[in-house]
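See structure below.
The analysis underlying the following values was restricted to heavy atoms, covering all of them including side chains, and did not include hydrogens, waters or symmetry mates. Numbered from 1 within each chain, the chains take letters A, B, ... in sequence-line order.
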There are 2 protein chains.
Amino acid sequence: MKKTSKRLSAADYAYEVLKERIIELQYQPAEHLLEDQLAKDLEISRTPLRQALYRLELEGLVNKQANGRMIVTPVTLEEAREVFVVREMMEGLVAKEASERMSQDDLYRLEDTIELMKRAVERARSQDFLKHSEEFHGIIQECSHNDTAKRFLLQLENKVDRYRRISGYKNPAYALNTPLEEHIEILQFLKEKSSKEVEDLMRAHIRRSLKTIEETIATNSSSHSF
Amino acid sequence: MKKTSKRLSAADYAYEVLKERIIELQYQPAEHLLEDQLAKDLEISRTPLRQALYRLELEGLVNKQANGRMIVTPVTLEEAREVFVVREMMEGLVAKEASERMSQDDLYRLEDTIELMKRAVERARSQDFLKHSEEFHGIIQECSHNDTAKRFLLQLENKVDRYRRISGYKNPAYALNTPLEEHIEILQFLKEKSSKEVEDLMRAHIRRSLKTIEETIATNSSSHSF
DNA sequence: AAAATTAAATTTGTATACAATTATATTATA
DNA sequence: TATAATATAATTGTATACAAATTTAATTTT
């Protein structure tokens, strides 16, 4: 993780690095995390490292076992479904709230991300598509002005990212047309301020994205312990 | 530092104590929390105390300001509404899921809590009522078998408890009949496994409880900074 | 006296030493 | 050999000392 203008504490640094490594599967699910080893690796002491670990625990990316040892939270289809069911509700909620509060300027910003998504689809650049898709969802979350929902969604997003990795979203053949069309449709109803429709569409969008991940895992489930 | 039957780490102990004090308004909203002072008070060192503070921060009960100082999260009507809106969705979700998975034994356990709630209403013991009401909701959450949802609901419950305190729920005149009837109705549909109705009723139940708190605050809002 | 500067104190952030616990290896015993 | 008991090593949990940063007080300058 890069640091910007503000100095980053060792604890924050460790948190960012570990989170990224877990999401990117550099640490395998269920793998043991040893404080001493990680501290030496990151060239910090155990004190700030532990802070980072405990934050990750509360976000559900690592688990403290009964004996005190930390492991990377295992991945299971069951948990993936849980995460997506909750995410479906939360994304539906913020979309509804955003629909009631969005300014014209916000709508323009959404249009921009969609334009960029279109270009990504044309070039079959799924990485870029994902980036702009996340911007799209991020703008909607922002416009909900619901900090509580935003906080939870951030935690869910971390887990979602890991499941995306596991399902092999990097594959260029990954279907991008469906999510693009769904985004366009959502924007349409956001413009009309039809909050109920927006909520329903957003929920269907998330529901469908879980299906995609489930299918990719089904065909692709050699490497991870499902 | 005290210990119970199962050994409690100093960090866990500090977490529990601080959480309780914040919820019970022994620490005022927006009050400064000094590590050294708290550590001396709890008779532990700063190391485990800080762990506790960081956990509370992630749960939204304390906030770390830009200068690094910790304050008790301020209370606002706006946040209360956010918390309840999210809680409404989550309680609706777990109720729906529980409805699909509940055993006869679980239903009996719910009946028991309702019996105890009835007795509490008869005697106008709102403290007892609240306790059994939380058991009622806890059983439903448990039966959802959705750990992700349960984790979030636990965090929300902490904030809800504080808002209940602020609204002065201790008042014996506090109306208990409405929530009791709502619980009874929810149980009825749980027995019939009508998951859609269960979800709708639970959501209405939470929505109504926010209204109660808003009203109590409106008449009672001298002491806290709304 | 007001504003700016410096100095002292308070407070948070980190490293390290040690204590308590848990896991692993070794030995003893049947 | 298999099992239990014990010793050893590895790992987590806590306290403390010190460093870095921030706030408050004191001093100087205009």
Send over the distance from B:R50 CZ to C:dT11 P, rounded to a whole Å. 14 Å
Need to verify one output field. Residue with the more 5' nearest nucleotide on DNA chain C, B:T47 or B:D36? B:D36
What's the closest nucleotide to the side chain of B:E35 if the choices are D:dT14, C:dT12, C:dA23? C:dT12
For B:L53, which contact category applies under a 4.0 Å heavy-atom criterion: base, sugar-phosphate, or nothing? nothing
Could you please name the option among D:dT22, D:dT11, D:dT14 that lies closest to any side-chain atom of B:A11? D:dT14
Identify which nucleotide among D:dA15, C:dT11, C:dA15 has an atom closest to any side-chain atom of A:S45, counting heavy atoms from C-beta outward. C:dA15
How many whole angstroms separate atom NE2 of A:H32 from atom C1' of D:dA10? 12 Å
In this structure, how many angstroms lie between the P atom of D:dT12 and the CG atom of A:L38, rounded? 9 Å
Choose from D:dA15, D:dT23, D:dT11 the nucleotide whose nearest atom is closest to any side-chain atom of B:P48. D:dA15
Closest non-hydrogen atoms of A:L53 and A:V62, given as atom of the first, atom of the second and distance, are O-CG2, 3.5 Å
In whole angstroms, how far is the P atom of D:dT16 from the CD atom of B:E43? 12 Å
Report the nucleotide, chosen from C:dG13, D:dG13, D:dT11, that has the shortest atom-to-atom distance to any side-chain atom of A:S9. C:dG13
In whole angstroms, the gap separating C1' of D:dT24 from CG of B:N67 amounts to 14 Å
Among D:dT12, C:dA15, D:dA15, find the nucleotide with the atom closest to the side chain of A:R46. D:dT12
To the nearest angstrom, how far is B:E57 atom CD from C:dT12 atom P? 13 Å
With a 4.0 Å cut-off on N to O distance, would you call A:E142 and A:K150 a salt bridge? yes
Please determine whether a side-chain nitrogen of the Lys or Arg among A:R55 and A:D12 lies less than 4.0 Å from a carboxylate oxygen of the Asp or Glu. yes
Under 4.0 angstrom between A:Y54 side-chain N/O and D:dG13 OP1 or OP2: yes
A:E57 and A:N63 side chains, donor-acceptor separation under 3.5 Å: no
Report the distance from atom CE of A:M70 to atom P of D:dA10, rounded to the nearest whole Å. 22 Å
Tell me whether A:Q104 at atom CD has more than 12 heavy atoms from other residues, nucleotides or ligands lying less than 6.0 Å away. yes
Let me know the distance between CZ of B:R69 and P of D:dT22, rounded to the nearest Å. 9 Å
